[in-house]
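This structure is in structure tokens; I'll ask about it shortly.
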Amino acid sequence: MMNNVFLKYTCLLLLLLGCLMSACTPENESGLSGQLLFQDQPLATAQLEIYLKADKDRSVQPFAVTTTDAEGRYQVSLPEGSYFVIGKKRETTDDGRTRMLMAESPANPHQVVDGIAPVASFNLREMGREGLPVADDQTGVSGLITYQGEPVSRAFIYIYTETDAVLTGPSSGEAVQADTEGRFTINLPVGRYSLVARKRADGSRSGALAPGDLNATYPGNPVEIRSGEILALNDFALTTVDAEVHAQRQADGVFTKTETLLRGQVVDADDLPVSDVYVFAYLDSRMVGKPVHMSVPTGADGNFSLFLSDGGTYYIGARSAFGGPLEPGEWVGTFDGQADHSVIVTRGANDDLGMIIVKEFW
Amino acid sequence: MKFSLLIALTFFFATSAAALVVDQDTVWDGQHSFSEDVQVLPGATLTVTPGSQLYFSGTRLEVSGRLVAEGAELSGENWEGLRLKGVDSTTRISDCVIKGAATGIFVQGGAPLLEGLTLFANKVGIEVRGKAAGKVANCRFTKNLKVGLFIKDDSTTSVVDCRFEGNLRYGAYLYHARPQMFQGNMFVNNDTGLMIAYHGTDPEVLNNRFEKNKIAVQVDRAARPVLRGNLLLGNQTGFYIYRRSDPLVTGNRIEENGVGLLVAYSSYPEIESNDFLNNEMALKLEFQSSSWEAKRGADARAGETSARSAFAGKGMRSVSEDDRRAKRLDGMVNAGNNWWGREGTLELASIGSDGNPSFIHDGRDQTTFIDEGEEYPLDKVAHFPWRKGPATEIKR
């Protein structure tokens with residue numbers, strides 16, 4: 001009996017050692033490799049940071065860090081998983097100015113399954129004080145906004161960088177308004193950008209588009225902006241937002257019903273239900289920017305259902321408006337089951353979060 | 001050539017799958033009930049004739065074209081209200097009653113004319129935003145649940161000769177807005193008659209009347225309006241100048257209020273040429289200290305901003321400490337050249353410029369206050385020189 005047990009554990013130990021030794025061999029190494037660029041040139045001694053979540057929380061240390069070589073290349077060993085890649089470099093220019101270069105990989109997140117997965121080369125951009133790219137007044141893009149062949153007055157043009165996967169929501173820079181003749185010129189740093197133009201019927205700069213608004217994604221996206229050149233675009237033609245398409249997109253968008261669900265009730269400080277409040281799920285503990293999921297507004301009973309695309313850790317907030325700064329009269333609150341407002345959800349769960357208490361902000 | 005389409009009396013639109021679209025000039029007369037949204041498209045004019053009654057079940061009337069409505073009643077059950085999107089001054093709504101809506105009239109941009117309306121028992125009577133202009137005149141805002149008139153977002157809409165009565169939170173609220181005129185309005189029995197809040201909100205509030213409100217006018221969060229020529233009568237608190245706000249308070253008659261003018265949390269208004277008459281306390285300082293401001297003010301505000309932005313994101317226009325900085329922090333609030341009434345003037349004459357008048361509560365009455373375990377000196381009011389007679393000709 002004793003011998004059998006000894007033999008069994010010895011075999012298991014040998015098997016485990018064998019597996020470990022096999023995993024340590026270079027041919028089984030897994031991770032990511034690629035090249036960082038600046039203005040299409042290899043960027044040496046830049047820092048590559050690997051994160052486990054999107055919208056990196058600056059208070060969280062990266063999962064892994066490495067530095068590019070003289071050719072701007074890097075390779076980093078990582079276990080199987082999904083990773084977000086960010087390149088950075090702080091340097092002093094020839095004229096003695098300190099500048100920060102930074103960009104996220106446009107292809108984030110990157111999956112590591114087995115072996116070294118290649119990451120497509122991407123350009124870092126110079127960041128200004130507000131974390132936005134620094135513009136150069138001799139470099140940028142110009143064009144004419146039209147609708148049905150006629151210039152459109154005062155439409156807004158939104159600039160999205162390579163890293164903005166979805167051309168909606170807050171753009172990377174200020175939205176620029178075309179003049180009354182429909183013309184615009186926007187100074188930009190060197191790089192590749194996607195342009196979107198919109199003219200809402202109410203003249204507003206931001207907010208969800210409605211049927212009847214005018215909208216277009218520039219057909220030549222992404223546009224390449226080169227140093228010292230104002231790129232003249234062809235006419236940028238808007239089309240009307242169609243009511244049926246709009247309704248379908250709403251149904252397919254953030255409100256889509258899925259198998260994974262958080263439920264609960266939005267209430268005020270007296271535990272009375274609050275209607276017309278959206279519940280949001282963020283992947284980032286700062287809970288800023290665009291949420292990854294949102295509920296439809298609560299009804300008179302304050303109840304909500306928040307459908308999620310997958311399991312994971314989500315940070316939950318509730319607010320009576322979405323987008324833009326908090327304004328007087330809004331209800332706002334967070335899920336406070338955890339101090340950081342987080343909830344861990346398993347795929348396929350149908351969990352009750354209980355009550356989310358909101359307060360009216362004046 | 002445009003044409004008019006007269007719709008017969010008493011229509012019932014039962015379907016709710018899509019909005020009812022008005023895309024040509026249309027006249028509504030009589031009673032109409034809607035269970036779907038109604039959209040008036042650009043280029044179309046909807047005319048609602050006097051005596052018409054429009055009823056909305058959980059829906060709204062949205063106008064991107066033109067609306068001309070006179071003497072009609074718009075109401076509904078759980079309805080959103082009337083939304084005017086970028087309409088110009090040819091949209092004119094007059095002498096209508098709008099009640100029971102989430103927002104009676106929501107103005108997004110444009111410059112509509114809203115005259116002689118009654119906004120009753122809505123959550124918000126009228127909300128104006130999106131750099132709108134236009135005019136709100138001779139309207140009555142009564143018993144709205146949150147705000148009678150809410151003007152936001154760099155809008156310049158004039159507000160003239162309106163009456164705000166019994167609104168549960170605010171009669172009118174100006175938020176990042178500067179009405180071209182805010183004049184001749186009456187505020188009665190509101191929780192707060194007029195709220196003027198946030199840096200950049202600096203209209204002239206001229207010749208209005210505030211009676212029997214809990215707070216007649218609150219100026220908050222670094223707003224700097226001019227408050228001129230107003231009558232504040234019988235309110236619990238007349239002017240409440242709060243959280244680093246520096247208005248000019250001049251030429252007002254402040255009479256028979258609990259506290260005529262309350263200054264709190266690092267606010268340094270200029271208070272001159274006003275008449276303070278028969279208030280229980282003419283002028284009071286509360287948690288008001290240059291020392292506190294110098295030591296704790298910026299940090300306290302940073303904490304507040306940070307807490308607010310934790311979920312709601314960064315404000316579109318965050319106010320810098322440079323924007324908020326007081327011109328001076330010498331522990332004094334200027335209130336020279338005011339008329340303190342006959343008795344007040346006699347008292348001042350007897351106690352002199354360094355005396356402690358009974359109608360002013362300041363650091364002479366309460367030397368310090370405590371914040372987070374630390375003691376700070378309460379500021380004092382500089383009331384010298386004082387007027388020998390009334391500064392205004394405002395009648396009760």
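What you see below is based on every heavy atom in this structure, not just the backbone, and it leaves out hydrogens, waters and symmetry mates. Remember, it's a predicted structure, so these values are computed and weren't measured experimentally. All chains are named by letter (A, B, ...) in the order of the sequence lines, taking the proteins before the strands, and each is independently numbered beginning at 1.
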Cut-off 4.5 Å, heavy atoms of chain A, and the answer for Arg129(B) is side chain

Answer whether the closest heavy-atom distance between the side chains of Pro328(A) and Tyr170(B) falls below 4.5 Å. no

What's the shortest heavy-atom distance between Gly329(A) and Lys146(B), and which atoms? O-NZ, 3.6 Å

Honestly, the part of Val147(B) sitting under 4.5 Å from a heavy atom of chain A is side chain

How long is the gap from CG on Asp276(A) to CD on Glu80(B), to the nearest 0.5 Å? 8.0 Å

Just checking Arg154(A): does its CZ atom have more than 12 heavy atoms from other residues, nucleotides or ligands closer to it than 6.0 angstrom? yes

Considering residues, nucleotides and ligands other than Lys152(B), do more than 12 of their heavy atoms fall under 6.0 Å from its NZ? yes

Can you tell me if Arg92(B) has over 12 outside heavy atoms packed within less than 6.0 Å of its CZ? no

Flag yes if more than 12 heavy atoms outside Ile344(A) fall under 6.0 Å of its CD1 atom; otherwise flag no. no

How far does CZ of Arg169(B) sit from CH2 of Trp362(A), to the nearest 0.5 angstrom? 6.0 Å

Just wondering, more than 12 heavy atoms not from Glu286(B) lying within 6.0 Å of its CD? yes

Interchain contact, Lys131(B) with chain A, by part (heavy-atom threshold 4.5 Å): neither

